[in-house]
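Report on one structure; see the data block that follows.
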Amino acid sequence: MNSLRLLSFNIQAGIESRRYRDYVVNSWKHLLPHPARQRNLASIGALLRGFDIIGLQEVDAGSLRSAYIDQAQYLAHQANYPYWLSQVNRELGQLARHSNGLLSRIRPGAVTEHKLPGLPGRGAMVVEFPTSSAEPFAVCVLHLALGRRAQRRQLDYLVDIARSYRMIVLMGDFNCGCGSRLLRAAIAAAGLRGLDCELKTFPSWRPERNLDHILVSPQLRITSARVLDYALSDHLPISMEVELPDGVGLVAPETAAVAALRSGFVTDV
């Protein structure tokens, strides 16, 4: 397997937004469950079909507001992904469990969870996939802070991660776009590619900013990239197709029953 279809999507815990005033009107949905959330999650699950690896941000890992449903697991089942992972970065008791998520059709290897610098609540997880070469293909799913000072430290941290792999994808909600000198400096320092100022993802109802990115190491060839016009969150999903270097392929995916990733181990569900 040499070509991969990737997707990154901030799902806003399954809450649909169509205008700025929805942040106020729907604010209670960040605390309490509601049937509309499950209907929207089902629509998101339908959208997610057809990719190989998906990175999710603003996922709830099972709390009162999500009716105690781990949304990454739910979406994996809805979209028929055999492997899934939730990384809880901010836990507010029974009220909310803010997480990153990953869905995959390919059996992963090691999983490393990182707490990003700055105030607690921001994280990145690196998932390695075995290849036919001696080096893994790595995917880093992340969600950065809003403040510039925290972003600077977090981007420096991510540069170190990116430099640790010859084949890596960083994808997620960076909360900064093409106009950010911090982001451009980090991309240059890590030697990444894929920043496209035309791929605007926020707000979903009138996209004007490119806050979500899929960035790749130069050894990976980008064959296509686009934003999907499905306003199921306050962000639009962004997709990219990449090819591994010539002669390198991923280990063939298994056809086993749905499995859940926990601390780098795969367990049947």
Side-chain angles (χ1 to χ4, degrees), residues 2-10 53-57 87 89 100 102 112-119 121-129 131 133-202 207-227 235-246 248:
N2 179 265
S3 180
L4 292 167
R5 294 160 297 174
L6 310 172
L7 183 84
S8 182
F9 193 8
N10 179 327
I53 301 172
I54 295 175
L56 301 172
Q57 304 85 46
Q87 178 199 17
N89 294 307
N100 291 326
L102 180 132
T112 307
E113 297 187 0
H114 298 265
K115 300 301 182 185
L116 293 176
L119 295 175
R122 300 292 182 176
M125 59 178 169
V126 178
V127 182
E128 297 181 3
F129 295 87
T131 72
S133 74
E135 300 174 281
F137 167 74
V139 174
C140 177
V141 180
L142 60 99
H143 191 181
L144 300 191
L146 291 167
R148 284 176 53 83
R149 181 177 298 180
Q151 283 181 3
R152 182 190 303 275
R153 296 176 61 195
Q154 291 168 3
L155 287 167
D156 287 345
Y157 190 96
L158 291 170
V159 168
D160 288 340
I161 291 176
R163 287 172 170 169
S164 301
Y165 295 92
R166 192 172 74 93
M167 297 176 287
I168 187 168
V169 172
L170 280 73
M171 61 178 170
D173 181 354
F174 285 73
N175 268 316
C176 53
C178 280
S180 168
R181 286 182 291 179
L182 295 177
L183 178 61
R184 287 186 173 275
I187 289 173
L192 299 172
R193 301 167 55 240
L195 182 65
D196 189 334
C197 300
E198 298 303 313
L199 298 179
K200 296 178 172 61
T201 58
F202 183 86
E208 299 171 340
R209 304 176 65 190
N210 55 333
L211 302 184
D212 304 87
H213 308 283
I214 302 178
L215 306 173
V216 306
S217 53
Q219 288 77 13
L220 302 174
R221 179 172 175 260
I222 300 170
T223 57
S224 66
R226 66 190 182 102
V227 172
H235 289 244
L236 294 175
I238 182 172
S239 70
M240 179 179 287
E241 187 165 339
V242 300
E243 292 182 353
L244 274 62
D246 292 341
V248 177

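Residues take their numbers from the sequence shown, with the count starting at 1. Only heavy atoms go into these numbers, but all of them, side chains included; no hydrogens, no water, no symmetry mates.
- Side-chain polar atoms of N10 and Q57 form no donor-acceptor pair below 3.5 angstrom.
- Across every non-hydrogen atom of G55 and M171, the tightest pair is N-CE, 3.5 Å.
- The residue from V127, L220, I168 that alone fulfils the side-chain contact (heavy atoms from CB on, under 4.5 Å) condition with F137 is L220.
- Panel note: side chain N100, backbone L142; no donor-acceptor pair is recorded below 3.5 Å.
- The minimum heavy-atom distance between P207 and L236, with the atom names listed, is CG-CD1, 3.9 Å.
- Across D196 and C178, no two heavy atoms sit closer than the pair C-SG, 4.1 Å.
- Using bins of under 30°, 30° to 60° and over 60° for the plane-to-plane angle, the ring pair H235/F202 lands in the tilted bin.
- Screening residues 152-167 for salt bridge (Lys or Arg N to Asp or Glu O under 4.0 Å) gives E135-R166 as the qualifying pairs, with residues at least two apart or on separate chains.
- In this structure, A162 and L192 approach most closely via the heavy-atom pair CB-CD2, 4.4 Å.
- Applying side-chain contact (heavy atoms from CB on, under 4.5 Å) to I214 and the options I222, V169, L7, L195 leaves one that passes, V169.
- Between the side chains of H143 and D173, at least one donor-acceptor pair of N or O atoms lies under 3.5 Å.
- Taking the six-membered ring where tryptophan is involved, the planes of H114 and Y157 are perpendicular, since the angle between them exceeds 60° and thus also 30°.
- Two residues are said to be in side-chain contact when any heavy atoms from C-beta on lie closer than 4.5 Å; E241 and L6 fail this criterion.
- Here the closest heavy-atom approach between residue S217 and residue M167 is recorded as OG-CA, 3.4 Å.
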